Protein chains: 2
Amino acid sequence: MIFQMDSIGDIIRKKREEKGMLLRQLAAMVEVDSAILSKIERGERKARREQIINIAKALELDEKRMLIEFLSENIAYEIIDEDSATDVLRVAESKVKYFRKNK
Amino acid sequence: MIFQMDSIGDIIRKKREEKGMLLRQLAAMVEVDSAILSKIERGERKARREQIINIAKALELDEKRMLIEFLSENIAYEIIDEDSATDVLRVAESKVKYFRKNK
DNA sequence: CATACATTTGACAAATAATGTCAAGAATGA
DNA sequence: TCATTCTTGACATTATTTGTCAAATGTATG
């Protein structure tokens, strides 16, 4: 594999440390408790969408990309234990297209 | 398009009517309130996984297929308003594979 | 129309899950 | 040791999901 797959928490932690910021500094900027931010970075807790956007802004990460990471990671965890995970994603794609067309 | 995309509610309702069953009859078999079953069939409410399995059994629908419909529909609704929906699904697939390998 | 029966609707309650708070514990380094 | 940062876990709060029920609506038939 030519790229390193990072979880969204990894991305945040790496960027924060690159910037030499402390947990509590970033936590203050995005108005979230340090304990929660710590858990988000280590994947122990899910972030909320708003938090991801605020973190992206504070760390100058690409918002759109982070949103994709956020949504896709949530979905991945929903189906990681399903042996039909790949089929589920294919069908989901069809359903998105179909429901959009017919809404 | 060569196939008719049905929501999971449509599938249930069609099969139930094919079998000539009343809402309350199926509801009794799967131990769910008729009002809820009515809403599930019309897509007004999400079913729970257990309910889908029980309904599939009661109606002799393929359980595996219904589970895929159930999971994929949930995912589709999660991202239907995202303009990056397709990217999200692609990234989700990578994440599933990666997280499985590294768990 | 009047009756009987099936389904739908909506308000509300109950249960469950997500999120936040806080203080104590562990780790790190000077 | 001391100061600082990060982590952990118990608990409270809030939000979301799910269930219950009765009234309203729809539908067919005498």
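To find a chain, count down the sequence lines: A is the first, B the second, and so on, and within it residues start at 1. This is a predicted model, so every value here is computed, not measured.
No contact: Arg49(A) has no heavy atom under 4.0 Å from any strand.
Counting only N and O atoms by type, the side chains of Ser38(B) and Arg42(B) include a donor and acceptor under 3.5 Å apart.
Annotation for Lys19(A): atom NZ counts as buried by contact number, over 12 foreign heavy atoms lying within 6.0 Å. The environment of NZ in Lys15(B) is crowded: more than 12 heavy-atom neighbours from other residues, nucleotides or ligands sit within 6.0 Å.
Contact annotation: Ser34(B) side-chain N/O to dT7(C) OP1/OP2 distance is not under 4.0 Å. Note on Arg42(B): a side-chain N or O is less than 4.0 Å away from OP1 or OP2 of dT9(C).
As a whole-Å value, the separation of Gln25(A) CD from dT4(D) C1' is 12 Å.
The main-chain N or O of Leu71(A) is never found under 3.5 Å from a side-chain atom of Asn74(A) such that the two would form a donor-acceptor pair. In this structure, the side chain of Arg24(A) does not engage the main chain of Ser34(A) through any donor-acceptor pair within 3.5 Å. Counting only distance, with no hydrogens or angles, the side chain of Arg16(A) and the backbone of Leu59(A) share no donor-acceptor pair below 3.5 Å.
Taking the charged nitrogens against the carboxylate oxygens, Glu82(A) and Lys64(B) have no contact shorter than 4.0 Å, which rules out a salt bridge.
Distance from the side chain of Leu22(B) is smallest to dA6(C) among dC6(D), dT8(D), dA6(C).
Note on the helix from dC1(C)-dG30(D) to dA30(C)-dT1(D): angle between the axes of the first and last five pairs equals 30°, rounded to 10 degrees.
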Base versus backbone protein contacts along nucleotides 12-30 of chain C [heavy-atom cut-off under 4.0 Å; B, S, -]: -------BBBB--------
